[in-house]
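No hydrogens, no waters, no symmetry mates; every other heavy atom, side chains included, goes into these values. Naming: A, B, ... by sequence-line order, numbering from 1 per chain.
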Number of protein chains: 2
Amino acid sequence: MIPSQMLKGLLEGAILEVIRGNETYAYEISNHLETFGFGEISEGTIYPIILRLQKNQYITGENRPSPSGPKRKYYRLTPAGFDYLDTFKTDWHKLQSAMRNLLKGDDGV
Amino acid sequence: MIPSQMLKGLLEGAILEVIRGNETYAYEISNHLETFGFGEISEGTIYPIILRLQKNQYITGENRPSPSGPKRKYYRLTPAGFDYLDTFKTDWHKLQSAMRNLLKGDDGV
DNA sequence: GCTAGTATCTTGCAATACAATATAGTCAGG
DNA sequence: CCTGACTATATTGTATTGCAAGATACTAGC
């Protein structure tokens, strides 16, 4: 749907925002993102990002048993994670603003 | 300003849109983008994209003398370029929509 | 036991923004 | 005349990142 090149640099923030909304685990994040309209974000995408976020100490993980399957790792934001997410949202708004300026002259020809 | 990772996959479409707006050349596009709020997009970024767009036959170039400097290469869109730009804009709207859904629950806490 | 669904993780690849660098034309000041 | 600043195009190498493909493993139903 949305080309993957366009998502670069956004998924990290998007995943952070999903985790902020409600404590969750990787497998479920994938489903959440699809619901929002990002298309199917595969595991090969999710897990490296999660590990990166953890390495940068933006999230912390906690193992918990699942009612139907292997253990899940639930994540939540650290204070640094909240800060990073704020920066991300600010940057996103800047990007939207720049694109709006760019497309302003476009009257749907 | 806007982190470069966030621009990946967007600059190609943005440059195409700038060229659509008025026939122009690479050096000037860089200035235009800065005006719109994309920050300083350097030549190492612009030229590879221009060459790629040309290789994919989305734009065609024409040399013309400059009143003050080396020759300029003015670009304009091909029909395929217009098509590609339409697709790009559609994808951009999808992305905005997905981000809007994602951030909807966020009441600025 | 086998299959399907759930769940995490790793490897290797392709795309892309950008710094750094090279080349060269024009023009003003000294 | 020549040096520096501005204009202008192009290439090379690097870091980041999304993703396909595959490995591993737990649970439940047939």
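Taking B:Lys94 as the reference, B:Asp91 meet the salt bridge (charged side-chain N to carboxylate O under 4.0 Å, His left out) condition, with sequence neighbours excluded.
Proximity of residues 1-11 of chain B to DNA chain C (heavy atom under 4.0 angstrom from any strand atom) is restricted to B:Ser4, B:Leu7, B:Lys8, B:Gly9, B:Leu11.
Across all their heavy atoms, A:Ile50 and A:Ala26 have their closest contact at CG1-CB, 4.4 Å.
A distance-only check finds no donor-acceptor pair linking the side chain of B:Ser97 to the backbone of B:His93 [under 3.5 Å].
Checking A:Arg52 against A:Pro70, the closest nucleotide of DNA chain D that is more toward the 5' end is the one next to A:Arg52.
Here ring-ring contact (aromatic ring centres under 6.0 Å, His included) pairs that include residues 31-57 of chain B, with residues two or more places apart or in two chains, number zero.
A close approach under 4.0 Å does not occur between any side-chain nitrogen or oxygen of A:Ser68 and OP1 or OP2 of D:dT27.
Between B:Tyr84 and B:Tyr58, the angle of the ring planes stays under 30°, which puts this pair in the parallel group of the 30/60° scheme.
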Kindly give the atom pairs (protein nitrogen or oxygen, nucleotide nitrogen or oxygen) under 3.5 Å for nucleotides 9-11 of chain D.
from   : atom 1 : to      : atom 2 : distance (Å)
D:dT9  : OP1    : B:Lys73 : N      : 2.8
D:dT9  : OP2    : B:Tyr27 : N      : 2.8
D:dT9  : OP2    : B:Tyr47 : OH     : 2.9
D:dT9  : O5'    : B:Tyr47 : OH     : 3.3
D:dA10 : OP1    : B:Lys73 : NZ     : 2.6

Show which side-chain atoms of residues 62-77 of chain A pair as donor or acceptor with protein atoms under 3.5 Å away, not counting sequence neighbours.
from    : atom 1 : to      : atom 2 : distance (Å)
A:Arg64 : NH2    : A:Glu23 : OE1    : 3.1
A:Arg64 : NH2    : A:Glu23 : OE2    : 3.3
A:Ser66 : OG     : A:Ser68 : N      : 3.0
A:Arg72 : NE     : A:Tyr25 : OH     : 3.3
A:Arg72 : NH1    : A:Tyr74 : OH     : 3.0
A:Arg72 : NH2    : A:Tyr25 : OH     : 3.3
A:Arg76 : NE     : A:Glu23 : OE2    : 3.1
A:Arg76 : NH2    : A:Glu23 : OE2    : 2.9

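The side-chain contact (heavy atoms from CB on, under 4.5 Å) test with B:Ile15 is passed by exactly one of B:Leu33, B:Leu10, B:Thr45, B:Thr24: B:Leu33.
Within the 4.5 Å cutoff, no side-chain heavy atoms of B:Ile41 are placed close to those of B:Glu34.
When DNA chain C is scanned 5' to 3' for any atom under 4.0 Å from a heavy atom of chain A, the first and last hits are C:dT6 to C:dT16.
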